[in-house]
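Each remark here refers to the structure printed beneath this line.
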Amino acid sequence: MKQHTHRWTGLLLAACLLSILLSLPAFAKEKEKIDKIPLNFSSSITAGKTGGEVYVTVDDPYYASHCRIVNTKIVNQPDSAWTAGVSPEIMISLRAESGYYFSSAQGEAFRLTGAGAVFDRAEFLESQSVLHVTVHLNALSDPEAAVVLTGLSWDKGTFTALWNDDSNARYYQVQLLKDGQPVGAMVTTYTNYSRLSDKIAGKGSYSFNVRFVDNALNRSEWITSETWEISASEAAVLGNGTKSTYGPGTVSSPGTVSSPGRAVGEWNSDDAGWWFEHPDGTWTTDGWEYIGGEWYYFDHSGYRKSGWIPWQGTWYYCDEDGIMLKNAETPDGYEVGSTGALKDK
């Protein structure tokens with residue numbers, strides 16, 4: 001009798017163990033979806049030259065922690081020199097990190113910036129943990145054709161030089177002129193504006209020269225703005241200004257022109273927070289910057305801010321990732337409009 005009891009006890013224990021093992025998958029952590037993929041492009045491909053490189057980054061620290069780029073391939077790389085008018089076709093292979101998956105291969109899931117990148121197609125591999133994305137870059141311009149910048153103007157409230165962004169530009173060079181003569185050193189900037197108030201030297205006729213430098217380090221022709229006559233009192237007021245007035249919803253801001261300033265650089269962090277460092281080692285302080293299609297606000301130390309931001313007589317809200325909300329309800333129940341400004345209740 002004892003022998004039969006031991007046998008039944010063993011069978012019962014085995015059945016319980018099997019039941020527990022079969023139920024384990026139910027307790028496995030469900031994978032989180034990646035529903036937005038911000039990619040930034042830069043290219044050194046030039047018409048009339050062979051080779052060239054394309055550089056792609058996941059342009060947001062939040063999404064960069066969820067997926068990574070494992071390969072970038074130029075699909076239509078020619079055997080000889082590139083031809084003007086050809087649009088480079090690029091395939092990017094993305095892999096989701098452990099515990100994540102790509103939820104969409106549609107164009108709406110991608111936010112592409114830089115080099116004129118336009119979405120073409122995407123496909124899943126390995127049960128949506130790998131995604132192949134194909135994009136086209138700007139058609140290559142004729143290196144023999146003269147390329148010049150357009151839209152030169154002044155923001156007369158802040159003594160800031162403005163011009164239209166050019167997709168071929170890696171960065172811009174700006175020289176302030178007074179009475180036709182250079183004032184101070186030439187300025188390099190990665191945005192399509194440059195504040196020059198620190199260079200004002202009294203009353204006079206002011207203008208500025210600007211040109212761009214592309215990824216192959218070719219320089220466009222210098223273009224000169226219209227002249228702005230400034231009195232001694234105006235020069236004193238403008239020279240005393242220190243804070244930028246750029247930001248969402250302003251007439252003169254990059255956020256409301258057809259081609260906003262294109263921020264180039266990388267996100268960095270330490271124990272105090274996140275900041276966005278430009279290639280020249282600088283970063284924005286006490287103001288807004290337009291990065292990867294979104295507005296971010298940075299404090300006096302250059303750290304990205306979250307929560308309510310008072311600016312030019314109204315309030316704006318930045319979420320936990322620093323992105324300014326638009327056409328949304330804030331966590332504390334208020335509504336912001338299309339420019340991000342707080343709506344009246």
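A quick note: this is a predicted structure, and the numbers were derived from the prediction, not measured. Numbers here simply count residues along the sequence, with the first being 1.
Listed for the S44 side chain is a donor-acceptor partner under 3.5 Å among the backbone atoms of E53. Remark: side-chain polar atoms of S87 are paired, donor with acceptor, to backbone N or O of L137 under 3.5 angstrom. Using modelled atom types, one side-chain atom of W82 and one backbone atom of G51 make a donor-acceptor pair closer than 3.5 Å. No donor-acceptor distance shorter than 3.5 angstrom exists from the side chain of S269 to the backbone of G273, with no hydrogens or angles considered. The main-chain N or O of F212 is found under 3.5 Å from a side-chain atom of S220 such that the two form a donor-acceptor pair. One N or O on the side chain of N327 and one on the backbone of S338 form a donor-acceptor pair closer than 3.5 Å. A distance-only check finds no donor-acceptor pair linking the side chain of T57 to the backbone of D59 [under 3.5 Å]. Between the side chain of S103 and the main chain of I34, a donor-acceptor pair closer than 3.5 Å is present. Side-chain atoms of Q173 do not come within 3.5 Å of backbone N or O of T189 as any donor-acceptor pair. The main-chain N or O of E234 is found under 3.5 Å from a side-chain atom of S231 such that the two form a donor-acceptor pair.
Ring geometry for H66 versus Y100: interplanar angle under 30°, hence parallel rather than tilted (30 to 60°).
The two atoms that bring S43 and V54 nearest to each other are OG-CG2, 3.9 Å, heavy atoms only.
Note that R304 lies in the cation-pi zone of W267, set by a 6.0 Å cut-off to the ring centre and a 45° limit from the axis.
Using modelled atom types and a 3.5 Å distance limit, the side chains of Y63 and D321 yield no donor-acceptor pair.
Here F208 and W154 bring their ring centres to under 6.0 angstrom of each other. Less than 6.0 angstrom separates the ring centroid of Y316 from the ring centroid of W288.
Counted within 6.0 Å of CD on E229, heavy atoms from surrounding residues, nucleotides or ligands total more than 12; the atom is thus considered enclosed.
A salt bridge links R111 with E294: at least one charged nitrogen is closer than 4.0 Å to a carboxylate oxygen. Taking the charged nitrogens against the carboxylate oxygens, R68 and E97 do have a contact shorter than 4.0 Å, which makes a salt bridge.
Distance check: H136 NE2 to R121 CZ gives 6.5 Å after rounding to the nearest 0.5 Å. Rounding to the nearest 0.5 Å places CG of D179 at 10.0 Å from NZ of K203. The distance from atom OG1 of T113 to atom CG of N40, rounded to the nearest 0.5 Å, is 3.5 Å.
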Can L140 and T83 be said to form a side-chain contact (heavy atoms from CB on, under 4.5 Å), step by step? CA-CA 7 Å; L140 300 176; T83 304; over 6 Å; no
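In this structure, the side chains of C67 and F102 come closer than 4.5 Å at one or more pairs of heavy atoms.
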